[in-house]
Amino acid sequence: MILHDLNLPDDEFNLQIDTLLITPAYALVISVKHMAGKLIIDTENEQFTQIVNEKEKGYPYPVAQVERHQKYIKKLLAAHGFPPLPVEYLIVFSNSYCTYVVSGPNSRKVKLRTCKADVLLNRIEFFEKLYPDPFLTAKELRKLCKLLVKLNTPPTKYLFKKFGLKRSDLLTGVHCPYCGYLPLIRKKQKWYCSRCDKYSADAHMNALMDYFLLYDLKITNKEFREFVHLKSQDVAKRLLHTEKLIYSGENRHRIYFPKTFPW
Ligand SMILES: [Zn+2]
């Protein structure tokens with residue numbers, strides 16, 4: 001089973017796993033780094049350095065990140081009564097033009113768990129050989145995937161926490177799709193930009209997607225009116241009745257949701 005872009009709750013922040021591959025014999029946390037230049041994973045000093053045009057830049061040590069993910073999955077398995085499935089990690093450099101080195105006296109372990117994207121399959125074969133015996137039945141594997149999908153919390157609201165922002169810190173309104181001006185006003189049943197003098201019929205859709213990403217994955221008529229600066233409840237209702245949204249509830253209690261995830 002392969003799960004992409006998992007956002008799992010971890011205390012006050014959430015943990016983001018690029019790809020999680022689960023087989024009956026082991027789980028593999030795959031962290032993908034798309035970086036250019038020469039990359040150095042220094043296992044002795046636990047440092048990660050990128051060199052581009054002879055300029056050095058430091059980044060968070062990727063091994064610490066994947067080890068945190070590894071621990072998290074192990075804890076989750078134990079907490080939900082799953083067998084102690086081995087959890088491994090792999091750091092993949094996806095930019096085919098980059099070069100990387102893993103240095104340090106005890107770098108063998110990390111070397112085996114680092115690769116460029118084109119040799120990913122070889123590394124997976126290495127893990128297949130390392131863990132030949134199944135721990136999970138097909139049923140347990142499905143149950144584990146279901147649990148992870150259930151725990152997957154889209155990264156809404158976390159941006160506020162991460163950057164210490166309040167709702168009132170953000171500007172509201174509909175951006176002009178042509179010049180970016182904020183906020184557009186309603187005129188002739190369309191969105192009108194007073195800066196570039198252009199009209200748009202569906203500029204509010206981008207605002208809605210911003211709302212879903214930043215605040216919550218649901219919106220009411222009142223919340224929508226406040227966010228896009230609309231006075232009329234009927235106009236808001238008309239705009240919210242689109243094939244891109246689904247709704248539940250009646251009248252004042254109606255809540256609208258995005259039909260597909262906005263990311
Ligand atoms: Zn404009």
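Order of listing sets the numbers, starting from 1, for every ligand and every atom in it. In what follows, residues are counted from 1 in the order of the sequence shown.
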For this session: State whether a side-chain donor-acceptor pair under 3.5 Å links Tyr59 with Gln47.
Result: no
Exercise. Quick one: do the Asp197 and Tyr192 side chains pair a donor with an acceptor below 3.5 Å?
Worked result: yes
For this session: Keeping waters out of it, list the protein N, O or S atoms under 2.8 Å from the Zn ion (ligand 1).
Result: Cys176 SG, Cys179 SG, Cys193 SG, Cys196 SG
Exercise. Could Glu250 and Arg254 be called an ion pair, given the rule that one side-chain N must be under 4.0 Å from one carboxylate O?
Worked result: yes
Exercise. Are Tyr215 and Glu223 linked by a side-chain donor-acceptor pair shorter than 3.5 Å?
Worked result: no
Exercise. Taking only residues two or more places apart in sequence or in another chain, which ones pass side-chain hydrogen bond (donor to acceptor under 3.5 Å, both in side chains) with Asp118?
Worked result: none
Exercise. Less than 4.5 Å apart, any side-chain heavy atom of Glu88 and any of Ile124?
Worked result: no
